[in-house]
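Basis for what follows: all heavy atoms, side chains included, without hydrogens, waters or symmetry-related copies.
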Amino acid sequence: MGAKLACVGGGNQDSSVGGAAAMGVTDAQDAAQAQEDAVHDGGGGGGAGEEGGDPRRLLEVCASLAGQDAAGIQAKLNTYVSWACGARLVFLILVSEEEELSVHVLGRHTLPCPLKIPVSNNSFSRALTTRRPMTLKDIEPSHREDLWRLLGLLQDSDRLAGHRTVSVDATAGGDHRPCLKTNGSAKSVDDTSSRFKVLSRDMSVDMSRSGRGEGGRWGIGGSPLNMSAAAHKYHRCSLPAPPPHAHRTHMGSCDSLEEESAIPVCPRPPLQGLGCKAAASSMPPIESSHNHSAKPQLNSRATSRPSCDPSESSSVPPSPTSLLCVPVTAPGKDTTAVLVCLVDKVAGGDFSNTDVHKVEECFRYTVGMLVNTTTAERERRLRTQCQALLNVAQNLFTHLDDVTVLLREIMAEARQLTDAERCSLFLLDREQNQLVAKVFDGESKEESCGEVRLPATQGIAGHVATTGHLLNIRDAYAHPLFYRGFDECTGFKTRNILCFPIKEDGQVIGVAELCNKTTGLHFSRFDEEIATAFSIYCGISIANSLLYKKVFDTQVRSKLSNELMMFHMKVTQEEVDRLVQAEVLPPEAFHKDFCSFKYFPRQVADACTAMAVISMMERLGMINKFRLSRESLARFTLMVRKGYRDPPYHNWLHAFSVTHFAFLLLHNLCLTENGSLTHLEALALIVSSMCHDLDHRGTTNSFQVASNSVLASLYSSEGSVMERHHLAQAMCILNTDDCNFLENLSREEYTLFLDLMRDIILATDLAHHLRIVPELREIAAVGYDPSNQRHHELLICLLMTAADLSDQTKDWQSSKHVAELIYKEFFTQGDLEKAMGNMPLEMMDREKAFIPELQLQFLDDVAIPVYEIVAKLFPGAQEPYISIQASRRNWARLRDVYKRRKPESTSSLEVFEDDSLDEELEKEDS
């Protein structure tokens, strides 16, 4: 008997139709026509003059509510109350269990986002407490302007929600009844007028996000309303009554409330449809955004009537002249469920007790369905949200094996859940007190530019990381913690920010920062709740991912340790017993110049090196001072010796040479006696020298990274790949059964020793040394201060570097022999790089490297400055400095001789193979 109205969200259609058809407001001319239709139909003036309204109409309303969603029920009830009481506009204020006030529908218009009205300091709260009707005079003067603004949102609502284009399809439905259809898409929030922003801000209303529909996520510009029930003509007019011809034409299974005529709606500003009398208003009139020239599009099979001309109606101020607010009690409870608000009597004057009775009678039968439907939708929305979060959790937990991919997924999910334009994610480094960003929004994996570190106490993200509380900023540029420099550098415009902490076991482990709500003026309370729930999953997934990485790293370390043990056989008990039972010889027993800087330690036989190490530690008094276990020390030393592979240079003999020079520095310069180093630092220097190149593969850090080796996958993110591997292997041996010779150290000493060992071994990376050279020069200039802990740290790193390069301080033949070993190892790596399709460095390329020139460059840039600083700090270290300068002069002379004799030679190793070159140097000396 009528047509079904299918309201599928707010669209961006013709504004002339959307202004009136979608909002159910009209002027006095349409009201008069509706009254005339009602008289023809026997309605008696739309029920305005009846004590209890029309029971038949009320029954029809109740019957029509079946199958409606909450917005549809509100629209039908608004329309019926408007018709029964003769009100220009009716809207319902829903009261939640937390007594939160919200408006979802104004008249027949479903707002794109519910309006949240504060309970405190609001005149509507009086109706909640007294549960008695209130009128316009009960609205406090200070609150009236807020009410006018609320009603004034009708003017700008079309700009937010778009407009519904109404057309009549005479063939829709199984019984060929005419059917009204609406369609359209949401308008961008950027089209919102500045006036609406001012209104929303001044009202202090929260444009919360609506629920989700099947078509996607609802926000500003969309509506959750999906109304399939029929709509009566009073959906358009303030005093509707079904026309007699419609009632007679469509009799059948449909009731009269499901009728809908094909009469187009007057395209006029919606606020004029309020029928407000000419009353003074403190607010200036707001111009409508409707296009008055646009006409509704009708189906060819639809009947029509001439559209109303908005110019014929008088301008109406936006201030209502009468208002009635009736509280409605929830069924079976002693609480208020709905506040029914009626605005402006069509016939003029104030609302009466009769109107109150009609409202109470209507909601006596309908409030239960409204409350139940609202509750069901809220539970369904919560279930949908929970399902969405579970899907998010499932997605996140599939990427635990890669923290970088997980962080990208978290940013993408956070943007999608909250409709944000950008997302930044920081992890909290508590040791450095910094926020670390490893991935960036909009950046692909291939475009990764490394990590960015920010102080954890600065900016918005720092504030959230420090306090652990969410921060919702509606105007970024007005917030004191916002730094505009980022926007100025990037060109990105930040409007609003939602920043929330990510926690694990109550501790902040990260911070997510969302920028620019794309479907609203700012992030809402709903976004805050979603972000809070989402952060729980983020915290769990990040913590599990980091734990997974630790477990994976442990497995890789275990694999490498097993590989080490498999590659090098364990030390036999017989070897240990032989070393323990042997008498500890004095250093001079190995060579009379053993304690001299000029002695070349590679002369010691390999079988005697382990005893030589114990002899040096005995001479320094370390075994007695720290009560080192002789058997554990012997086993540890033998295990370290077998822990070295056999590349040309980085083998056990190199480690022994470095340990020998460290011994010479401690012994000859009396560094522990004069307080330059503590005894524990001296012990750490000797042990670190033994272990500093453990399991060296004969390749550099850059090669490990370029070849994607197992070591690179384990240590590349931390830098100093090989040095960290050497340290790990040393710790592995130290933790092997019967190898921990430090068992008599106190807990504090043992912890400090391990820290020193780590710093010393990592200092063998020349990149680290070059970073601290300026500080070392400053110490050399002002003098070493034994009471300064930083001086201790720098000195021990300097001594380790000096020991590592000590082969260059020996006599010419010895240093030249060591250089040959080094370049053989370099050229082997260069050959591997060529086989991989990479171009090696010049020093690694046997076809391009000119060794004398490369040696001079290395001595000038790295080696000589090291021994110069040591000599300035300790005058007793002049001998190595003088020796390395002599070695430099020999390399310069060899360069000149080689260029003169073999200008066309392409074999760099000829420098070491041609004995005639040395003979010519000797002739020049003589």
Side-chain angles (χ1 to χ4, degrees), residues 432 597-598 657-678 681-682 684-686 688-689 692-693 700-701 719-720 723 755-810 815 818-819 822 843 853-892:
Q432 302 295 329
F597 281 115
K598 66 181 180 180
S657 298
V658 173
T659 306
H660 175 260
F661 196 85
F663 161 75
L664 294 179
L665 291 172
L666 294 171
H667 180 267
N668 296 346
L669 303 182
C670 303
L671 296 181
T672 55
E673 289 80 0
N674 59 27
S676 298
L677 293 180
T678 66
E681 289 172 337
L685 178 61
I686 290 294
S688 299
S689 299
H692 80 283
D693 274 334
T700 61
N701 289 334
S720 302
E723 286 74 20
D755 291 340
L756 288 170
M757 189 174 175
R758 176 198 61 203
D759 295 339
I760 295 172
I761 293 179
L762 293 181
T764 59
D765 186 350
L766 286 180
H768 174 274
H769 168 73
L770 295 176
R771 287 195 297 267
I772 65 174
V773 164
E775 290 185 86
L776 292 172
R777 292 187 182 279
E778 182 179 351
I779 294 177
V782 301
Y784 179 77
D785 182 6
S787 63
N788 190 321
Q789 182 60 34
R790 180 57 179 167
H791 283 200
H792 276 257
E793 296 171 359
L794 293 172
L795 175 60
I796 202 167
C797 292
L798 174 66
L799 297 178
M800 183 67 231
T801 303
D804 198 14
L805 306 179
S806 60
D807 285 326
Q808 304 298 321
T809 65
K810 307 305 177 180
S815 61
V818 170
I822 292 174
M843 58 188 283
E853 193 68 50
L854 292 172
Q855 278 295 99
L856 288 172
Q857 182 179 350
F858 172 75
L859 292 173
D860 291 338
D861 295 343
V862 180
I864 292 178
V866 169
Y867 298 99
E868 180 184 7
I869 295 174
V870 174
K872 287 183 179 180
L873 290 172
F874 306 103
Q878 291 291 331
E879 185 176 351
Y881 179 51
I882 295 173
S883 179
I884 197 172
Q885 287 181 318
S887 180
R888 187 204 180 281
R889 289 193 295 271
N890 287 330
W891 280 112

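- Between the side chain of Ser887 and the backbone N or O of Ser883, no donor-acceptor pair lies under 3.5 Å.
- A heavy-atom distance below 4.5 Å is not found between the side chains of Ile779 and Leu798.
- Listed by first then second residue, pairs satisfying side-chain hydrogen bond (donor to acceptor under 3.5 Å, both in side chains) with a partner in residues 759-773 read Ser720-Asp765, not counting sequence neighbours.
- Shown here for Ala803 and Ser806, the closest heavy-atom pair between the two residues is O-OG, 2.8 Å.
- Remark: Arg888 pairs with Leu856, Leu859, Asp860, Ile864, Ala892 by the side-chain contact (heavy atoms from CB on, under 4.5 Å) rule, at least two apart or across chains.
- Between Leu677 and Leu799, the closest side-chain pair of non-hydrogen atoms falls below 4.5 Å.
- Side-chain atoms of Tyr867 never come within 3.5 Å of backbone atoms of Ala877 as a donor-acceptor pair (strictly under, hydrogens ignored).
- The two residues Ala780 and Ile869 have their closest heavy-atom pair at CB-CG2, 4.1 Å.
- Rounded to the nearest 0.5 angstrom, Ile761 CD1 and Cys797 SG are separated by 11.5 Å.
- Leu805 and Ala863 get closest at one heavy-atom pair: CD1-CA, 4.1 Å.
- Residues meeting the salt bridge (Lys or Arg N to Asp or Glu O under 4.0 Å) test with Glu868, sequence neighbours left out: Lys872.
- Rounded to the nearest 0.5 Å, atoms CG (Leu685) and OG1 (Thr672) are 11.0 Å apart.
- Proximity of Leu873 to His791: side-chain heavy atoms (C-beta onward) are nowhere separated by under 4.5 Å.
- Using a 4.5 Å heavy-atom threshold, the side chains of Val870 and Tyr881 count as separate.
- Judged by distance alone, the side chain of Asn674 and the main-chain N or O of Leu669 form a donor-acceptor pair under 3.5 Å.
- Looking at heavy atoms from C-beta onward, Leu795 lies in side-chain contact with Phe874 at the 4.5 angstrom threshold.
- Other residues, nucleotides and ligands place no more than 12 heavy atoms under 6.0 Å from the CD atom of Glu778.
- One N or O on the side chain of Lys810 and one on the backbone of Phe597 form a donor-acceptor pair closer than 3.5 Å.
- Thr659 places none of its side-chain heavy atoms less than 4.5 Å from the side chain of His692.
- Taking every heavy atom of both residues into account, Ser657 and Asp807 meet most closely at CB-OD1, 4.1 Å.
- Side-chain atoms of Glu681 come within 3.5 Å of backbone N or O of Thr678 as a donor-acceptor pair.
- No side-chain heavy atom of Met843 sits under 4.5 Å from any side-chain heavy atom of Gln857.
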